[in-house]
Amino acid sequence: AAPPPTTTTTSPSSAPSPVSSDADLRKYAGYALLLLGCGAATYYSFPFPADALHKKAIPFKYAPLPEDLHAVSNWSATHEVHTRVLLQRDSLPALEDALATAHRERRKLRPLGSGLSPNGLALSRAGMVSLALMDKVLDVDNFASIREQQVGGFIQVGAHGTGARLPPVDEQVISMKLVTPAKGTIELSKEKDPELFYLARCGLGGLGVVAEVTLQCVERHQLVQHTFVSNADEVKKTTIYLYTWKWLSENKHIKYLWIPYTDTVVVVQCNPPSKWRTPKLTSKYGKDEALHHVRNLYRESLKKYRTETESNDPEIDTLSFTELRDKLLALDPLDKHHVMKVNKAEAEYWKKSEGYRMGWSDEILGFDCGGQQWVSENCFPTGTIANPSMKDLDYIEKLLRLIEKEDIPAPAPIEQRWTAHSKSPMSPASSSEEDDVFSWVGIIMYLPTSDARQRKEITEEFFNYRSLVQSLWDDYSAYEHWAKIEVPKDKDELAELQARLWKRFPVDAYNKARMELDPNKVLSNAKFEKMFPVLEPVHQAK
């Protein structure tokens with residue numbers, strides 16, 4: 001008989017053989033190393049886009065860009081493209097030739113200004129043309145918070161200053177030369193093709209490249225700026241409501257800086273000096289006294305967060321207010337209680353900065369708005385000076401309540417400005433009523449750090465903030481500044497944005513003009529096509 005089969009029984013506690021143990025050890029060690037490597041690669045590469053390979057490995061040296069590849073970003077470094085086509089033209093014939101060639105070859109060539117638009121409206125990796133060298137003042141017969149602007153880009157996005165009797169800058173355009181891909185250079189004014197003229201004044205760079213423009217200007221002049229702090233609590237709020245429209249009527253320029261989580265609103269009024277209004281051009285406190293509280297908070301915060309910077313670093317005393325604010329926020333930008341402390345320090349700074357100063361208008365109206373940032377600004381009608389609707393202050397009141405209710409780590413300031421109407425149909429302040437006044441309100445989140453992970457977290461929080469604020473827009477007929485619209489990736493949200501744009505602006509007429517002047521969409525980019533989708537052009541036989 002055959003012997004019975006041999007069987008082996010091993011208990012769960014029996015030790016495996018040394019060979020099996022070593023193999024498993026090496027296998028799992030390999031898994032662990034692979035996991036760590038993938039985690040490190042993900043951390044240091046995210047959130048940069050796939051084409052930004054030279055920025056991915058933060059701990060290592062950046063790989064150099066190819067010589068023919070240009071990296072172009074907007075001022076806030078929130079949007080960036082790489083392109084091999086970045087033209088600079090210094091004359092009208094050269095610009096005409098560039099656009100004609102792009103039209104013939106059906107290539108993109110988006111007009112690029114100074115890149116100040118927070119949403120990167122002018123950027124296109126397929127190709128761009130800069131007019132930085134076409135900077136001549138051709139004739140003179142006789143501005144905004146950021147000065148580094150090109151006139152073409154400035155007017156095309158409906159930029160504005162502040163003053164209830166002052167319209168957005170596109171309203172100052174008297175005539176313009178527009179270089180178009182399909183029809184070459186066309187001259188526009190209210191006498192020459194007025195319908196297209198008004199449409200192109202705030203044309204978003206989609207109808208042609210603004211090569212020459214005649215602007216209604218005023219002589220260089222001085223302004224006296226009066227800065228003071230008011231309280232928005234229940235006792236003082238009535239004063240703000242009563243005086244806002246009196247101030248709008250009396251002051252050439254006026255704006256409010258609201259400080260979330262405080263009862264502080266900073267009022268800034270600017271007017272030409274006059275012999276019957278000669279204030280003492282002094283402040284009660286000096287610069288060091290105004291910054292004292294902010295510096296102290298920064299030193300205390302350095303100790304709390306145990307940073308490498310020493311709290312007794314003498315460089316702290318050389319920093320401006322906005323630099324100090326950036327450094328403070330960088331310590332913990334999304335902690336609501338930390339942001340509240342920074343906001344209160346800012347309120348103290350403004351209380352000790354009250355007073356008057358006089359200077360040239362470009363100096364006075366220029367405003368240090370801080371470092372890199374995410375911004376959303378909207379515009380809505382608020383009645384007339386003679387018959388105000390008070391929606392401007394009602395909107396702010398609801399916005400501040402929303403911030404506190406949702407525990408948003410909202411830094412300061414929330415800037416509120418006013419303008420008169422514009423006759424340009426694509427302007428957010430467009431109106432046919434001569435006396436209409438519009439309020440512009442901007443929310444902000446700073447990007448005070450170069451750390452990719454922290455910037456990503458701030459970006460996500462900002463878009464949550466913006467989404468919550470968006471719930472207010474329809475009740476006030478509020479529409480975002482063209483340079484600050486962030487086009488959503490979600491299909492439903494994109495459809496909602498398109499529907500809102502069609503409701504407010506003559507998009508059909510705008511697209512019709514685009515297809516006549518630029519049938520091959522030379523001047524377009526991906527953002528543009530999502531906001532203003534059109535069917536592919538029908539090419540007629542010649």
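Just so you know, residue 1 is the first one in the sequence shown, and it goes up from there.
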Asn525 vs Ser124, test: side-chain hydrogen bond (donor to acceptor under 3.5 Å, both in side chains). Steps then yes/no. CA-CA 6 Å; Asn525 62 10; Ser124 172; 5.6 Å; no
Could you walk me through whether Met128 and Val81 pass side chain to side chain contact (heavy atoms under 4.5 Å, CB included), step by step? CA-CA 11 Å; Met128 292 171 283; Val81 297; 3.9 Å; yes
Could you go through the side chain to side chain contact (heavy atoms under 4.5 Å, CB included) check for Thr78 and Gln372 one step at a time? CA-CA 8 Å; Thr78 53; Gln372 295 179 355; over 6 Å; no
Under the side chain to side chain contact (heavy atoms under 4.5 Å, CB included) criterion, do Ile396 and Gln416 qualify, and how do the steps go? CA-CA 9 Å; Ile396 286 290; Gln416 184 171 33; 3.4 Å; yes
Give the intermediate values and the outcome of salt bridge (Lys or Arg N to Asp or Glu O under 4.0 Å) for residues Glu493 and Lys491. CA-CA 5 Å; Glu493 292 178 5; Lys491 283 187 176 181; over 6 Å; no
Quick one, His421 with Ser430, criterion side chain to side chain contact (heavy atoms under 4.5 Å, CB included). Give me CA distance, side-chain angles, the key distance, then yes/no. CA-CA 6 Å; His421 83 298; Ser430 172; over 6 Å; no
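Between the side chain of Thr419 and the backbone N or O of Ala164 there is no donor-acceptor pair closer than 3.5 Å. Proximity of a side-chain donor or acceptor of Arg455 to a complementary backbone N or O of Thr449 within less than 3.5 Å is detected. Counting only distance, with no hydrogens or angles, the side chain of Asn74 and the backbone of His79 share a donor-acceptor pair below 3.5 Å. No donor-acceptor pair under 3.5 Å is formed between the side chain of Glu516 and the backbone N or O of Ala513. No donor-acceptor distance shorter than 3.5 angstrom exists from the side chain of Gln88 to the backbone of Leu131, with no hydrogens or angles considered. Remark: side-chain polar atoms of Asp508 are not paired, donor with acceptor, to backbone N or O of Lys512 under 3.5 angstrom. Trp482 places a side-chain N or O within 3.5 Å of a backbone atom of Met426 that can act as its donor or acceptor partner. Remark: side-chain polar atoms of Asn520 are paired, donor with acceptor, to backbone N or O of His103 under 3.5 angstrom. A side-chain donor-acceptor contact under 3.5 Å links Asn343 to the backbone of Ala412. With Thr83 contributing its side chain and Leu86 its backbone, the two residues share no donor-acceptor pair below 3.5 Å.
Residues Ile385 and Asp435 fail the side-chain proximity criterion, which asks for heavy atoms closer than 4.5 Å. The shortest distance between side-chain heavy atoms of Thr180 and Val209 does not fall below 4.5 Å. Met358 places a side-chain heavy atom less than 4.5 Å from the side chain of Gln222. Counting heavy atoms from C-beta on, the side chains of Pro425 and Leu199 come closer than 4.5 Å. Looking only at side-chain heavy atoms (C-beta outward), Val224 and Asn271 stay at 4.5 Å or farther from each other. Residues Glu460 and Leu334 have side chains not in contact (no heavy-atom distance under 4.5 Å, counting atoms from C-beta outward). Taking the side chain as every heavy atom from C-beta outward, Cys270 and Ile254 never approach each other to under 4.5 Å.
Taking the ring centroids of Phe380 and Tyr479, they lie at or beyond the 6.0 Å cut-off.
Taking every heavy atom of both residues into account, Pro111 and Gly205 meet most closely at CG-O, 3.5 Å. Residues His253 and Leu166 approach most closely at CE1-CD1, 3.3 Å, considering heavy atoms. The two residues Glu191 and Pro194 come nearest to each other via the heavy atoms O-CD, 4.3 Å. Across every non-hydrogen atom of Leu207 and Leu517, the tightest pair is O-CD1, 3.4 Å. For the pair Ala98 and Leu87, the tightest heavy-atom approach, listed with the atom from each and the gap, is CB-CD1, 4.1 Å. When every heavy atom of Leu468 is checked against every heavy atom of Ser471, the shortest pair comes out as O-OG, 2.6 Å.
Sorted by first and then second residue, the salt bridge (charged side-chain N to carboxylate O under 4.0 Å, His left out) pairs with a member in residues 424-433 form an empty list; sequence neighbours excluded. Residue pairs meeting the ring-ring contact (aromatic ring centres under 6.0 Å, His included) criterion with at least one partner in residues 441-468, sequence neighbours excluded, are Trp374-Phe462, Trp374-Phe463. Residue pairs that meet the salt bridge (charged side-chain N to carboxylate O under 4.0 Å, His left out) test with at least one member in residues 475-484, sequence neighbours left out, are Glu377-Lys484, Arg466-Glu480. Evaluation of the ring-ring contact (aromatic ring centres under 6.0 Å, His included) test over residues 424-443, restricted to residues two or more places apart or in two chains, returns His160-Trp440, Trp440-His481. Applying the salt bridge (charged side-chain N to carboxylate O under 4.0 Å, His left out) test to pairs two or more places apart or on separate chains, those with a residue in residues 200-211 are Glu171-Arg201.
To the nearest 0.5 Å, atom CD of residue Glu96 and atom OG1 of residue Thr101 are 11.5 Å apart. Of the inter-residue distances, the one linking Ile174 atom CD1 with Leu215 atom CG reads 8.0 Å to the nearest 0.5 angstrom. Separation of atoms CE (Met176) and OG1 (Thr185) is listed at 12.0 Å; rounding is to 0.5 Å. Atom NZ of residue Lys521 and atom CE of residue Met515 lie 5.5 Å apart, to the nearest 0.5 angstrom. Rounded to the nearest 0.5 Å, atoms CD1 (Ile155) and OG (Ser427) are 12.0 Å apart. Note that NE2 of His70 is 9.5 Å distant from CZ of Arg84, once rounded to the nearest 0.5 Å.
Side-chain contact, Ser431 with Asp436: a donor N or O sits under 3.5 Å from an acceptor N or O. One side chain, Ser175 or Thr214, offers a donor N or O that lies under 3.5 Å from an acceptor on the other. At a cut-off of 3.5 Å, with distance as the only test, a side-chain donor of Glu346 or Trp350 sits close to an acceptor on the other residue.
Ionic pairing of Asp474 and Arg500 is present here: one or more N-O contacts between side-chain nitrogen and carboxylate oxygen are shorter than 4.0 angstrom.
For NZ of Lys327, the number of neighbouring non-hydrogen atoms (other residues, nucleotides, ligands) closer than 6.0 Å is 12 at most. The local environment of CD in Glu529 is crowded, with over 12 non-hydrogen atoms from other residues, nucleotides or ligands closer than 6.0 Å.
Aromatic ring orientation, Tyr395 versus Tyr476: perpendicular (interplanar angle above 60°, classes split at 30° and 60°).
Listed by chain and number, the residues in a ring pair (Phe, Tyr, Trp, His ring centres under 6.0 Å) with Tyr510 are Phe532 (sequence neighbours excluded).
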